[in-house]
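Since the structure comes first, as structure tokens, the remarks are kept for the end.
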Amino acid sequence: MPRKQAHVILTTPDIVVDCVQKLPVESFTTCEVADALMASGNFSGVEYERLERSVRQSVAWLIDRGMAQAAGARKKITKAGHISWPVTYTIIRLSALPKPQPIECGPVDFEALNRAFLR
């Protein structure tokens, strides 16, 4: 029985941001970033699908932290001749948003809460 491959992080958000800054376009797709990374030679021997999935994960991380946003879609014709509309993204800031500070509150009356909710 073949063994499962271990999950290896191929790209980081920093690698993706550096690559995007070198692209000649304002908005990018994850495929364009994966193509550029493959062309750099740093990921030789890595399957394209694994690299592109890793780029998608990094872009999702950037979006979650307010550093990137979806910008629309771009028409692309695949090798098989089908029309595809991959989502394009833009980098909107190069640093993550600060973590929100916890809200300070006074003491809690647990007896009153129990009387209100546990009858």
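Every heavy atom of this structure was used, including side-chain atoms; hydrogens, water molecules and symmetry mates were not.
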| Exercise: identify the closest heavy-atom pair between C31 and Y48 | O-OH, 3.4 Å
| message | Using a 6.0 Å cut-off, check whether atom CD of E111 has over 12 heavy atoms from anything other than its own residue. | response | no
| request: Could you pull out the closest heavy-atom pair between S58 and P13, with the gap in Å? | output: OG-N, 3.7 Å
| What closest approach, in Å, do E26 and T90 show between heavy atoms, and which atom pair accounts for it? | O-CG2, 3.8 Å
| Which atoms form the tightest heavy-atom contact between F28 and V33, and what is the distance? | CD1-CG2, 3.5 Å
| field | In one Ile/Leu/Val/Met/Phe/Trp/Tyr side-chain cluster, 4.5 Å: F117, V108 | value | yes
| request: Please name all residues satisfying side-chain hydrogen bond (donor to acceptor under 3.5 Å, both in side chains) with T88, sequence neighbours left out, ordered by chain then number. | output: none
| query | Below 4.5 Å, heavy atoms only, C-beta onward: do Q57 and W61 meet side chain to side chain? | reply | no
| field | S84 side chain vs T78 backbone, donor-acceptor pair below 3.5 Å | value | no
| query | Do L23 and I63 share a hydrophobic cluster (ILVMFWY, side-chain heavy atoms under 4.5 Å, transitive)? | reply | yes
| task | Output the distance between atom CD1 (I92) and atom CE (M67), rounded to the nearest 0.5 Å. | result | 9.5 Å
| field | Nearest-0.5 Å distance, CD of residue E52 to OG1 of residue T11 | value | 10.0 Å
| request: Give the minimum heavy-atom separation between E32 and V25, together with the two atoms involved. | output: OE1-CG2, 4.2 Å
| field | Salt bridge R53-E49, side-chain N to carboxylate O under 4.0 Å | value | no
| said: Tell me if a side-chain donor or acceptor on S54 pairs with a main-chain N or O of L51 at a distance below 3.5 Å. | reply: no
| message | Please find the pair of heavy atoms, one from W85 and one from A73, that lie closest to each other, and give the distance. | response | O-CB, 4.0 Å
| Does any non-hydrogen side-chain atom of L113 lie less than 4.5 Å from one of D109? | no
| message | Donor-acceptor check, side chain of T30 to backbone of V55, threshold 3.5 angstrom: yes or no? | response | no
| said: Which residues pass the side-chain hydrogen bond (donor to acceptor under 3.5 Å, both in side chains) test with S27, not counting sequence neighbours? | reply: R74
